[in-house]
Amino acid sequence: MSFVEYGDTIKDGDTAIVFLGHESMFPVKVQHGTVTQTKYGVIRHSTDLIGKKYGSKVTCSKGGWVFILHPTPELWTMNLPHRTQILYSTDISIITMMLELKPGSIVCESGTGSGSLSHALIRTVAPTGHLYTVEFHQQRAEKAREEFREHGVEHLVTVTNQDVCKNGFGVSNIADAVFLDIPSPWEAIGHAKSALKAEGGRICSFSPCIEQVQRTCLAMEEYGFTEINTLEILLRVYNVRTISLQIPDLGKAAEDNSSSGFDSSNPSQQSSPCANLQQGTVQFKSGVPLREVVGHTGYLTFATKSLV
């Protein structure tokens, strides 16, 4: 099992996603002799999971059933254990596009955090690219290494435990892109420039506060970055559903008016046709925005390393 290569069969040691519903799923490490409790009953790894195909429908001990899904960066983002605040697919998608990442790209990241963005970056640059990720917190760095190893992507990522603002990324002139998600990104802009290739590259900084953005933009200008721009991604989800509305049969009403000698100038007759109006219903699809909308997550500031 690997997050970047699809495996058809569930094996001992795999990380799988137990899917109970669109709003209910969780990861599980498949181990021989282990059981997992769900609201539908017990899942026995040895008999219910190992050897089955990913996507299989598994019946639990109480008669209910679940699906077992192959892990992807998107599913991992929704189910990973939170060690820090994480980036979600809305921001991750624009980061990947604006940094112009592709298979073979070299990316530097700080900090690693819970690894949500890291998994998406690894999948994007695989099979020949590499991610150099720096985490200040030692325990989080060790946990990230363990997860990358379990997820079969350790050959595509190097985890370093150090302060990027003081010591940089540990590499020079090799990166196509740099991503910063740290409290004071302006202190790491110089190290980011050093990590980028001599022929240029892209940088992105994620910050929740506009004051952080202002200081980061000033630092980018000081170090000669160009095309500096800041984005805020706000996602508005619509609920598509079928609705029914009553409609008047206007043709029938007009026919009744002409045949009954209805006088529109007579006030005493004005309510009569309305009472006889025949109504039907029509069904159609309608999109209605959800009452709760995901609000501000952070500001994404992008820039390009100048060749001058």
**Student:** Are Val4 and Met78 connected in the hydrophobic side-chain network, where two residues link if heavy atoms are under 4.5 Å apart?
**Tutor:** no

**Student:** Closer than 3.5 angstrom, by distance alone: can the side chain of Gln162 be matched with the main-chain N or O of Val134 as a donor-acceptor pair?
**Tutor:**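 Here the side-chain-to-backbone pair does not exist.
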
**Student:** With rounding to the nearest 0.5 Å, note down the distance linking CD in Glu227 to OG in Ser306.
**Tutor:** 9.5 Å

**Student:** Please find the pair of heavy atoms, one from Ile92 and one from Leu87, that lie closest to each other, and give the distance.
**Tutor:**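 Shortest heavy-atom separation between Ile92 and Leu87 comes out as CD1-O, 3.6 Å.
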
**Student:** What pairs of residues pass the ring-ring contact (aromatic ring centres under 6.0 Å, His included) test when at least one of them lies in residues 162-204, not counting sequence neighbours?
**Tutor:** none

**Student:** Restricting to non-hydrogen atoms, name the atom on Pro103 and the atom on Ala126 that form the minimum distance, rounded to 0.1 Å.
**Tutor:**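 Minimum heavy-atom contact is CB-O, 3.3 Å.
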
**Student:** Are any non-hydrogen side-chain atoms of Glu187 and Asp163 less than 4.5 angstrom apart?
**Tutor:**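 Not in contact.
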
**Student:** My understanding is that only residues two or more places apart in sequence, or in another chain, count here; which of them pass side chain to side chain contact (heavy atoms under 4.5 Å, CB included) with Ile174?
**Tutor:**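 So Ile174 forms a side chain to side chain contact (heavy atoms under 4.5 Å, CB included) with Ile106, Tyr132, Val171.
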
**Student:** Are Ile233 and Thr297 side-chain neighbours, meaning at least one heavy-atom pair lies under 4.5 Å?
**Tutor:** no

**Student:** Under 4.0 Å between a side-chain nitrogen and a carboxylate oxygen: does that hold for Glu135 and Arg83?
**Tutor:** no

**Student:** When rounded to the nearest 0.5 angstrom, what distance separates CZ in Arg44 from CG in Leu49?
**Tutor:** 11.5 Å

**Student:** Quick one: SG on Cys217 to CG on Asn229, what's the gap to the nearest 0.5 Å?
**Tutor:**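 It is 8.5 Å, given to the nearest 0.5 Å.
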
**Student:** Is it the case that the side chain of Lys193 and the backbone of Lys305 share a donor-acceptor pair, with hydrogens and angles ignored and the cut-off at 3.5 Å?
**Tutor:** no

**Student:** Return the minimal non-hydrogen interatomic distance between Glu147 and Pro81, and the atom names on each side.
**Tutor:**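 The pair with the smallest heavy-atom distance is OE2-CG, 3.8 Å.
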
**Student:** In Å, rounded to the nearest 0.5 Å, how long is the span from CG of Asp181 to CG of Leu300?
**Tutor:** 9.5 Å

**Student:** Please find the pair of heavy atoms, one from Cys108 and one from Ala195, that lie closest to each other, and give the distance.
**Tutor:**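 Here Cys108 and Ala195 meet closest at SG-CB, 4.1 Å.
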
**Student:** Do Leu99 and Met97 come close enough that some side-chain heavy atom pair is under 4.5 Å?
**Tutor:** no

**Student:** Flag the pair Lys143 and Glu146 as a salt bridge only when some basic side-chain nitrogen lies within less than 4.0 angstrom of an acidic carboxylate oxygen.
**Tutor:**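 Yes, Lys143 and Glu146 are salt-bridged.
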
**Student:** Would you mind listing the cluster partners of Val288? Hydrophobic ones only (ILVMFWY), side-chain contacts under 4.5 Å, chaining allowed.
**Tutor:**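 Besides Val288, the cluster holds no residue at all.
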
**Student:** Determine whether the side chains of Thr77 and His119 contain a donor N or O and an acceptor N or O closer than 3.5 Å.
**Tutor:**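 No, His119 and Thr77 have no side-chain donor paired with an acceptor closer than 3.5 Å.
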
**Student:** Please check if Phe3 and Ile86 belong to a single hydrophobic cluster, counting links between Ile, Leu, Val, Met, Phe, Trp and Tyr side chain heavy atoms closer than 4.5 Å.
**Tutor:** yes

**Student:** If you group Ile, Leu, Val, Met, Phe, Trp and Tyr by side-chain heavy-atom gaps below 4.5 Å, do Ile95 and Met98 land in one group?
**Tutor:** yes

**Student:** Could you check whether Thr84 and Ser114, counting side-chain N and O atoms only, form a donor-acceptor pair closer than 3.5 Å?
**Tutor:**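 Note: Ser114 and Thr84 side chains meet the donor-acceptor criterion.
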
**Student:** Does Val153 share a hydrophobic cluster with Tyr6, counting links as ILVMFWY side-chain heavy atoms below 4.5 Å and allowing steps through other members?
**Tutor:**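 Linked within one cluster.
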
**Student:** Quick one: pull up OG1 in Thr124 and NZ in Lys102 and give me the separation to the nearest 0.5 Å.
**Tutor:**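 One finds 11.5 Å between OG1 of Thr124 and NZ of Lys102.
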
**Student:** Would you compute the distance between atom OG of Ser286 and atom OH of Tyr238 and round it to the nearest 0.5 angstrom?
**Tutor:** 10.0 Å

**Student:** Got Glu154 and Arg145 here, is their nearest side-chain heavy-atom distance under 4.5 Å?
**Tutor:** no

**Student:** Quick one: are Leu196 and Phe225 in side-chain contact, heavy atoms under 4.5 Å?
**Tutor:**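 In short, these two side chains touch, coming nearer than 4.5 Å.
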
**Student:** Between Leu101 and Ala177, what is the shortest heavy-atom contact and its length?
**Tutor:** CD2-CB, 3.7 Å

**Student:** Are Leu117 and Val107 co-members of a hydrophobic cluster defined by side-chain heavy atoms under 4.5 Å apart?
**Tutor:** yes

**Student:** Looking at Phe67, I want to see if its CZ is surrounded by more than 12 non-hydrogen atoms of other residues, nucleotides or ligands under 6.0 Å.
**Tutor:**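 Correct, the count exceeds 12.
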
**Student:** Closer than 4.0 angstrom, basic N to acidic O: yes or no for Asp176 and Arg202?
**Tutor:**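 Judged by the 4.0 Å cut-off on N to carboxylate O distance, Asp176 and Arg202 do not form a salt bridge.
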
**Student:** How about CD on Gln85, more than 12 heavy atoms from neighbouring residues, nucleotides or ligands closer than 6.0 Å, or not?
**Tutor:** no

**Student:** Please confirm whether the backbone N or O of Gly287 pairs with a side-chain atom of Asn239, one donor and one acceptor, at under 3.5 Å?
**Tutor:** no

**Student:** Does any part of the side chain of Thr301, heavy atoms only, come nearer than 4.5 Å to the side chain of Met220, both counted from C-beta?
**Tutor:** yes

**Student:** Side-chain donor-acceptor contacts of residues 203-213 below 3.5 Å, not counting sequence neighbours, with atom names and distances?
**Tutor:**
unit_1	atom_1	unit_2	atom_2	d
Gln212	OE1	Cys209	N	3.1
Gln212	NE2	Pro183	O	2.9

**Student:** Could you pull out all donor-acceptor pairs under 3.5 Å where a side-chain atom in residues 10-28 meets a protein atom, sequence neighbours excluded?
**Tutor:**
unit_1	atom_1	unit_2	atom_2	d
Asp12	OD1	His32	N	3.1
Asp14	OD2	Lys11	N	2.9
Asp14	OD2	Tyr54	OH	2.8

**Student:** Less than 4.5 Å apart, any side-chain heavy atom of Cys60 and any of Val66?
**Tutor:** yes

**Student:** Is any NZ, NE, NH1 or NH2 atom of the basic residue among Arg123 and Glu74 found under 4.0 Å from an Asp or Glu carboxylate oxygen of the other?
**Tutor:**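 Looking at Glu74 together with Arg123, the answer is yes, because their closest N to O distance falls below 4.0 Å.
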
**Student:** Determine the minimum heavy-atom distance between Ile182 and Ala188, stating which atoms define it.
**Tutor:**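 That would be CD1-CB, 3.9 Å.
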
**Student:** Do side-chain atoms of Ser194 reach the backbone of Gly190 as a donor and acceptor pair under 3.5 angstrom?
**Tutor:**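 Side chain of Ser194 to backbone of Gly190, a donor-acceptor pair under 3.5 Å: yes, one is there.
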
**Student:** Can you tell me if Thr38 uses its side chain to pair, donor with acceptor, with the backbone of Tyr40 under 3.5 Å?
**Tutor:** yes

**Student:** Is there a side-chain contact between Leu80 and Ser116, using heavy atoms and a 4.5 Å cut-off?
**Tutor:**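 Contact flag for Leu80/Ser116 side chains = yes.
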
**Student:** With sequence neighbours excluded, give me every ring-ring contact (aromatic ring centres under 6.0 Å, His included) pair touching residues 287-308.
**Tutor:** His296-Tyr299

